[in-house]
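Only this structure's heavy atoms are used, side chains among them; waters, hydrogens and symmetry mates stay out. Just so we're clear, the structure is a prediction, and the values are computed from it rather than from any experiment.
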Amino acid sequence: MFNYARDLFDESTVVGFTEKFTAILEAVTKDATMSVDAIELRSDTERSEMERWNETDVVVPAVTLVDAFEAQVERTPDATALLFGEQELTYREFDREANRLARHLVSIGVGPETLVGLGMYRSVDLMVAMYAILKAGGGYLPIDPEHPDERTEYVVATANPVVVLSRSQDAGDLPASVDVMEIDRLDLSGFADTALTDVDRLRPLRPANVAYAMFTSGSTGRPKGVTVTHGSVVNQIAWMQGQYPLGPSDTVLQKAPVTFDVSVWELFMPLQVGARTVIAKPGGHRDPEYLVAVAEERSVTIMEFVPSMLDVFLADPQLQLPASLRYVLAGGEELPAELARRFAARSIAVLDNTYGPTEVTVTSTAYRIGPDVGAVVPIGRGVWNTRAHVLDSRLRPVPVGVPGELYLAGAQLARGYHDRADLTAERFVADPCGGPGERLYRTGDLVRWNSGGELEFLGRTDFQVKLRGLRIELGEIEAALVADPTVRAAVVVVHSGTSGQQLIGYVVGEGEIDTAALRQGVSTALPSYMIPETIMVLDEFPLSANGKLERRALPVPEIAAREYRAPVSATEQAVAAVFAELLGVERVGLDDNFFELGGNSLIGMRVVGRLRTDLETVVQLPWLFSDATPEALARQIERGADDVIGHAFDMLFPIRAAGSKPPVFCVHPIIGLAWCYVGMAQYIDADRPIYGLQTPAAQGDGELPGSIEAVAELYLREIRRVQPSGPYRLLGWSLGGTISHAIAVQLQEQGETVELLAMLDSFTAETLPTAPNGTVTMAEVLSGMGMDGVGDQLVTDVTESQAVAMFSQLTGQSEEQAAEVVGRLLAAAQHNSGLTASYRPGVFEGDLLFFTAAEDDPTGRRAATGWQSHVSGDVRNHRIASTHWGMMSPAALSVVGPVLKEHTVGNRAR
């Protein structure tokens, strides 16, 4: 007889306790020498249930990805296969292009069990190249052009591909040491466009051959390549078609980076069932507003999100998921139950919680979320031909409800890690319950079975984490930190707060550590998503009694508190409350800066969305960037949009008008607006005003100046209205740097002192890179407006109408008004581009502070070198891990900002 608290336990749980207690008693009375951990606690019924939960066998055709695609080409040759901007290809057209390139690849040695690098941005060319590689019999090796050169060079050297395919416009973003074949420069007219057979290939192509090798973060400090076969992917696609039936009337948005395994189903599933694939613009996966617009326009029916991005959608009432959406997959991170409930309130689409490591081909388990969401959202059971086992340290199954490590088995297991037999043997182990040669993949994830036969995720057993859907080995980041000579030891953890998860680095130094320089150094070896947001310097690490690192004793990241001024008005209180909740701080005063408290652009979008809902009024993201204190934001909300728009297009744009010290003047990039500089305010002395110089075209004021010298003269008059005499501080990004130099030369000719001349990736006519056809791209438009999406990288290719829509939302103007302004800005940008090409700078007497976009220039000095003959002093060049149009992103500013702060403190000429 057991007595138990009915408010804490149900009857079935207590019955389970009694059965297991009885099993222990029976075992030890039969054999007193038996160790406790050898006792089988599962009843016969429980064992049978667990076996039933793993009955996932389904017959899947033994074909390759090529077979499945070509069968669909036969069925629907004239149906639309690919859409990318204005480009559209039918199944037949796409197939023929891929066939020609495939035959060329065979001619240079590509065949089964060889790899081919794929180093280009999302495009039709990327799809053609990927399918051509597979048709030739090879496996594709995805390479992200945005990743640091050091990482890319390691991946290429380790994988040893036959060739790396790219395009002429993308090849420059790859390391100079990597030999590439630019497919848009190939003459393929001599190759047939008919389908290849095994007769055409170097060897027969089979389901057991490699389809791709995808490099993921590695605990040893180096990424490791997961090798996956055709058969594994075919099984995954077959299960998905059973779970999410698609057909010719459906549309899939290909938005995941091809270096991320979620991309696999987006790349192959729609083109096996006659659906359309819409290819998202490069960088578009980071931009919620763009994704919603494209999904709505193209009637997308299925999408996958990491929960943190899904949360951004649901936090902003203005972002509505399209009515066409039938299925939403949440994966890559733990899905909170509260988020699942919010989704159900906003969409009628089916929501599935998916789980799966790269080593088991995308999705390994899945759970369909019903109307009643409990306290925990399970990750479900194994997909087709995939078995899930929860085992103890001796590889024995544990009872229902008991935590254990998740091991996966079945058709979707990867072959292993490329050229790493040691790592493969460590993670892929023999299956004690399987047949000859069958293996288990040891996931490192801690889970348990619930009574309904669904797996619940509990955490990790090691130091691997998933952050915003990307798998990260903390050891790889730690290895990059200790590679710096000033760092003796490093530890990296994921800090969780109400503002979300953030990577925090802790270091112990050999001497003084410059954390900004350390972050910059790490960025040359790691992709941006693996760079710690904060680095804390400690004298020593906390240790346990046995001398081991005590991670739980590491200090929580702290923000220095200002003198507290309490919010007074209802709007101030609302803003402060939202800041405090989303940033995870105890209280927020009127003077506390959103960014200094740990905010970023992703959290900023959530702030704006919450305030729009709570206050039921217009709140615009640029307001937060321009002065990120509750007092200033509340004041702007109460003023409304009209007041800001009136000043936002002024030739002299006040980013921060208050302050007793001489101002910093920031000249606009090519598009003509200086809004992009608002995020810089947090790094410049609060007592120093900041002004932006903007094109007169923004307000439609008269004829545009006919030379760079004339532009400089016009802007100098505006500067003199605020600051009649020197010393002056000038800064410019891109075209703005060129104009700043011209202004500085004119000031010196007038006898004035220029204390600071700074440029961010500006070019002389001789070093100027040109866009295709000399046009101004939408990336330049959006970047110059400060509308660079969610993450640290910029959007790169949107239509003018989409830019107008985003501009309208940010400014509060009608789309007609916004279209008129954008049209004027584009015309002025084209005009200014012509002026730059013909401009020959004078000589500035002094030093030049320069910042190079190192991701665009492997040498790190091309643009800076072009200015050396136009200054009498030194060009002090700083390499920034960014693209040209990312130089005002939060990640780049975290490095640029402290340097600018140092150079705007004193009063001596520089």
**Student:** After noting the C-alpha distance and the side-chain angles of R342 and E338, does the key distance pass the salt bridge (Lys or Arg N to Asp or Glu O under 4.0 Å) rule?
**Tutor:** CA-CA 6 Å; R342 284 164 50 206; E338 180 268 341; 3.3 Å; yes
**Student:** Please report the interatomic distance CG(L267) to CG(L134), rounded to the nearest 0.5 Å.
**Tutor:**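 Rounded to the nearest 0.5 Å, the CG-CG separation comes to 9.5 Å.
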**Student:** Any sub-3.5 Å donor-acceptor pair from E456's side-chain atoms to R448's backbone N or O?
**Tutor:**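 Answer holds: no.
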**Student:** When rounded to the nearest 0.5 angstrom, what is the spacing between CD in E40 and NZ in K20?
**Tutor:**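 It comes to 9.5 Å.
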**Student:** Only counting residues at least two apart or in another chain, list the ones meeting side chain to side chain donor-acceptor pair (under 3.5 Å) with N235.
**Tutor:**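 If we apply the side chain to side chain donor-acceptor pair (under 3.5 Å) test to N235, skipping adjacent residues, the hits are N385, Q412.
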**Student:** Check this for me: does any side-chain nitrogen of one of R420 and D422 sit under 4.0 Å from a carboxylate oxygen of the other?
**Tutor:**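 So R420 pairs with D422 through a salt bridge.
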**Student:** Take the angle between the ring planes of F215 and Y154 and call it parallel below 30°, perpendicular above 60°, tilted in between.
**Tutor:**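 Plane angle over 60°, so perpendicular.
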**Student:** Between E540 and R488, is a salt bridge (Lys or Arg N to Asp or Glu O under 4.0 Å) present by the stated rule, with each step listed?
**Tutor:** CA-CA 10 Å; E540 295 292 343; R488 175 161 54 88; 3.3 Å; yes
**Student:** Kindly say whether Y407 contributes a backbone atom to a donor-acceptor pair with the side chain of T443 at under 3.5 angstrom?
**Tutor:**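 Absent.
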**Student:** Taking the six-membered ring for Trp, is the centroid-to-centroid distance between Y417 and F428 below 6.0 Å?
**Tutor:**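 Ring centroids of Y417 and F428 are less than 6.0 Å from each other.
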**Student:** Specify whether Y327 and Y244 have parallel, tilted or perpendicular ring planes, treating 30° as the upper limit for parallel and 60° as the lower limit for perpendicular.
**Tutor:**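 The rings of Y327 and Y244 stand perpendicular, inter-plane angle above 60°.
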**Student:** Run the salt bridge (Lys or Arg N to Asp or Glu O under 4.0 Å) check on D352 and R368 step by step: do they pass?
**Tutor:** CA-CA 4 Å; D352 278 8; R368 179 145 296 175; 2.8 Å; yes
**Student:** Do the side chains of M530 and R151 get nearer than 4.5 Å, heavy atoms only?
**Tutor:**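 Of all side-chain heavy-atom pairs linking M530 with R151, at least one is under 4.5 Å.
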**Student:** Go through the structure and list residues passing side chain to side chain donor-acceptor pair (under 3.5 Å) with R346, not counting sequence neighbours.
**Tutor:**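 So R346 forms no side chain to side chain donor-acceptor pair (under 3.5 Å) with any residue.
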